[in-house]
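Order of listing sets the numbers, starting from 1, for every ligand and every atom in it. Everything quoted here is computed from the prediction, not taken from an experiment.
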Amino acid sequence: MTAAPHSLVRVDLPGRAYDIEIGPGLLGHAGARIAPLMRNRRVAVVTDSTVAALHLDRLRAGLAAAGLSMEALELPPGEATKGWPQFSRTVEWLLAEKVERNDVVIAFGGGVIGDLVGFAASVLRRGVRFVQIPTTLLAQVDSSVGGKTGINAPQGKNLIGAFHQPALVLADTALLSTLPRRDLLAGYGEVVKYGLLGDADFFDWLEVNGPALAGGDQAALIHAVTRSCQMKAEIVMRDETEQGDRALLNLGHTFCHALEAATGYSDRLLHGEGVAIGCALAFETSARLGLSSQEEPGRVRAHLHAMGMRKDLSDIPGDLPDAGALLALMAQDKKVLDGKLRFVLARGIGAAFLTSEVPRAVVMDVLTQALARRS
Ligand code: NAD
Ligand code: GLY
């Protein structure tokens with residue numbers, strides 16, 4: 001593909017509108033983009049040590065080019081950071097840095113840093129603005145957009161948090177070149193989700209261009225990040241706090257959350273890998289219920305396979321609990337309402353919908369057969 005220009009998606013929420021800028025090299029222009037949001041010349045950056053070692057100097061230079069100086073806090077990388085201890089450390093550091101109501105905090109990292117720093121910004125002095133500079137594919141297409149922020153509790157993932165929209169998102173697609181392939185493909189699980197939930201043409205496009213994207217083709221990355229952000233922005237503008245449509249973004253997540261819990265939120269299964277497997281299982285459930293054609297689950301799995309991704313329970317190493325135990329874990333999902341499991345199912349690729357009318361026996365059956373494929 002030929003080089004494409006940077007692109008821009010606007011999240012037009014009343015009183016809280018912001019831009020998502022997408023393209024390679026944006027880090028070098030971070031100061032020029034962020035300075036207009038600021039009264040003083042100093043920003044507080046929170047990142048993780050892996051991202052800091054690879055990219056913090058370039059962020060510092062990008063800010064300095066517009067006369068901004070920065071102080072940085074480096075947290076340990078990994079999901080375990082998204083809990084109370086590193087959260088309080090972050091809030092205390094921001095207070096020690098004398099971050100005030102008119103200041104801007106930068107979240108520079110993947111979804112872990114974006115979620116934690118966004119939540120810290122939401123409570124600091126009852127709310128300061130923050131800028132997302134996402135550095136993983138997952139964060140660029142999903143977690144940096146839409147204002148869901150938070151941390152994990154011992155009782156479960158993302159149980160403590162707030163809606164707090166960023167003031168700006170800078171998705172520098174060149175940063176993805178240092179991402180380990182496994183993390184890139186996990187993020188691609190969220191990209192596939194957008195095609196499956198609402199844009200069949202985009203899924204067609206991914207079937208053709210996915211391999212180039214995973215190989216680092218910038219034009220393909222820009223297109224995929226842009227289309228994903230457009231779709232997320234449209235849904236968030238309709239339903240910011242998930243009273244309805246926003247739940248469509250959880251395609252695959254009811255299965256995914258149970259699998260993440262069953263694997264102890266460990267690196268046996270990354271979130272985006274669980275989403276991809278969950279999407280395949282959601283399409284299988286849809287086909288079982290006669291909602292979509294019998295061929296579609298196979299088409300979803302074929303694309304995941306062609307991308308070298310995990311696509312079924314047989315791709316998860318180690319033991320898994322039985323179908324009944326997985327179903328019990330699903331019942332703890334945040335989407336359970338009045339004791340009824342809510343699923344995102346599909347009438348076909350690009351045609352997802354939310355339903356509480358899924359017989360438990362059908363889900364048991366899908367899980368039992370998927371577990372049987374492991375042996
Ligand atoms: P992550 O933040 O843990 O990043 C994955 C790994 O990649 C980390 O080890 C990190 O140090 C490293 N890394 C980051 N950028 C890099 C780069 N450019 N080069 C090399 N290494 C780099 O994980 P993630 O997959 O980005 O995000 C997962 C988190 O996002 C989960 O906690 C999930 O719950 C959350 N999430 C939130 C939302 C939301 O709407 N807020 C949506 C989806 C997922
Ligand atoms: N990742 C789901 C959402 O933002 O609603």
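- Side-chain N/O atoms of Thr241 and Gln243 include a donor and acceptor closer than 3.5 Å.
- For ligand 2, the atoms sitting less than 4.0 Å from at least one non-hydrogen atom of Arg246 are 3 (C), 4 (O), 5 (O), numbered in the order shown with element in parentheses.
- Between the side chains of Ser7 and Thr226, a donor-acceptor pair is found at a separation under 3.5 Å.
- Shown in contact with Lys232 at under 4.0 Å from a heavy atom are these atoms of ligand 1, numbered in order with element: 40 (O).
- Residue Lys82 approaches ligand 1 through these ligand atoms, each under 4.0 Å from one of its heavy atoms: 31 (C), 32 (O), 33 (C), 34 (O), 35 (C).
- Polar contact check, His253 against ligand 2: no nitrogen or oxygen pair lies under 3.5 Å apart.
- Within the 3.5 Å criterion, the main-chain N or O of Arg342 finds no donor-acceptor partner in the side chain of Ser356.
- Contacts between Thr178 and ligand 1 below 4.0 angstrom, taking non-hydrogen atoms only, involve backbone and side chain alike.
- Residue contacts with ligand 2 include Lys232, since one or more of its heavy atoms lies under 4.0 Å from the ligand.
- Residue Asn250 places no N or O, backbone or side chain, under 3.5 Å from any N or O of ligand 2.
- Counting heavy atoms closer than 4.0 Å to ligand 1, residue Asp48 contributes side-chain atoms (C-beta onward) but none from N, CA, C or O.
- Looking only at heavy atoms of the protein, atom 31 (C) of ligand 1 is closest to Glu79 OE1, 3.3 Å.
- Close approach of ligand 1 to Lys157 is summarised as follows: ligand atoms under 4.0 Å from at least one heavy atom of the residue are 31 (C), 32 (O), 33 (C), 34 (O).
- Here Leu179 has heavy atoms under 4.0 Å from ligand 1 in both its backbone and its side chain.
- Which of Gln140, Gln132, Lys148, Lys193 comes nearest to atom 41 (N) of ligand 1 through a heavy atom is settled by distance: it is Lys148.
- Using a 4.0 Å cut-off to heavy atoms of Asp142, the atoms of ligand 1 that qualify are 42 (C), 43 (C).
- Not one N or O on the side chain of Asp312 forms a donor-acceptor pair closer than 3.5 Å with the backbone of Asp315.
- Close approach of ligand 2 to Leu249 is summarised as follows: ligand atoms under 4.0 Å from at least one heavy atom of the residue are 2 (C), 3 (C), 5 (O).
- A distance-only check finds no donor-acceptor pair linking the side chain of His29 to the backbone of Leu63 [under 3.5 Å].
- Atom 28 (C) of ligand 1 has Leu138 CD2, 3.9 Å as its closest protein atom, hydrogens excluded (heavy atom only).
- Nearest protein neighbour of atom 3 (O) of ligand 1, counting heavy atoms only, is Val112 CG2, 3.3 Å.
- Looking only at protein heavy atoms, the nearest one to atom 5 (C) of ligand 1 is Asp183 OD1, 3.7 Å.
- Atom 4 (O) of ligand 1 has its closest protein heavy atom at Thr136 CG2, 3.7 Å.
- Using the six-membered ring where Trp is involved, Trp84 and Phe119 have ring planes that are tilted, between 30° and 60° apart.
- Residue-level proximity to ligand 1 for Thr149 is absent, since no heavy atom of it falls below 4.0 angstrom.
- Asn40 and Glu100 form no side-chain donor-acceptor contact under 3.5 Å, judged by distance and modelled atom types alone.
- Between Leu56 and Met70, some side-chain heavy-atom pair lies under the 4.5 Å cut-off.
- Contacts between Thr50 and ligand 1, counted as non-hydrogen atom pairs separated by less than 4.0 Å, involve the side chain only.
- Checking Glu190 against His271 by side-chain atom types alone, a donor-acceptor pair falls below 3.5 Å.
- No side-chain donor-acceptor contact under 3.5 Å links Asp19 to the backbone of Glu21.
- The 12-atom threshold is exceeded at CZ of Arg125, counting heavy atoms of other residues, nucleotides or ligands nearer than 6.0 Å.
- When all heavy atoms of Ala153 and Leu159 are compared, the pair lying nearest together is CB-CB, 4.2 Å.
- For the pair Arg10 and Tyr18, the cation-pi criterion (under 6.0 Å, within 45° of the ring axis) is not fulfilled.
- Around CZ of Arg373, the count of heavy atoms belonging to other residues, nucleotides or ligands within 6.0 Å exceeds 12.
- If you number the atoms of ligand 1 from 1 as listed, the ones under 4.0 Å from a heavy atom of Leu175 come out as 18 (N).
- Of all the atoms in ligand 1, the ones that sit under 4.0 Å from a non-hydrogen atom of Pro77 are 9 (O), 11 (O).
- Residue contacts with ligand 1, taken as heavy atom pairs separated by less than 4.0 Å, do not involve Arg246 at all.
- The nearest heavy-atom contact from the protein to atom 38 (C) of ligand 1 is Ser143 CB, 3.2 Å.
- Judged purely by atom type and a 3.5 angstrom limit, Lys311 has no side-chain atom pairing as donor or acceptor with the backbone of His305.
- For atom 24 (P) of ligand 1, the closest non-hydrogen atom on the protein side is Gly111 N, 3.5 Å.
- The contact set between ligand 1 and Asn158, taken as ligand atoms under 4.0 Å from a residue heavy atom, comprises 34 (O).
- Annotation: atom 15 (N) of ligand 1 to nearest protein heavy atom, Thr135 OG1, 2.7 Å.
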*Go through the steps for Arg246 and Val236 under the test side chain to side chain contact (heavy atoms under 4.5 Å, CB included), then give the verdict.*
CA-CA 6 Å; Arg246 186 164 180 166; Val236 168; 3.8 Å; yes
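- The residue Leu270 has no part lying near ligand 1, judged by heavy-atom distances below 4.0 Å.
- Nearest protein neighbour of atom 1 (N) of ligand 2, counting heavy atoms only, is Asp142 OD1, 3.1 Å.
- Close approach to Leu54 involves these atoms of ligand 1, each under 4.0 Å from a residue heavy atom: 19 (N), 20 (C).
- Judged by distance alone, the side chains of Thr135 and His55 never bring a donor and an acceptor atom under 3.5 Å apart.
- Following chains of ILVMFWY side-chain contacts shorter than 4.5 Å, one can reach Val300 starting from Phe202, so the two form part of one hydrophobic cluster.
- Geometrically, ligand 1 and Gly78 share no nitrogen or oxygen pair separated by less than 3.5 Å.
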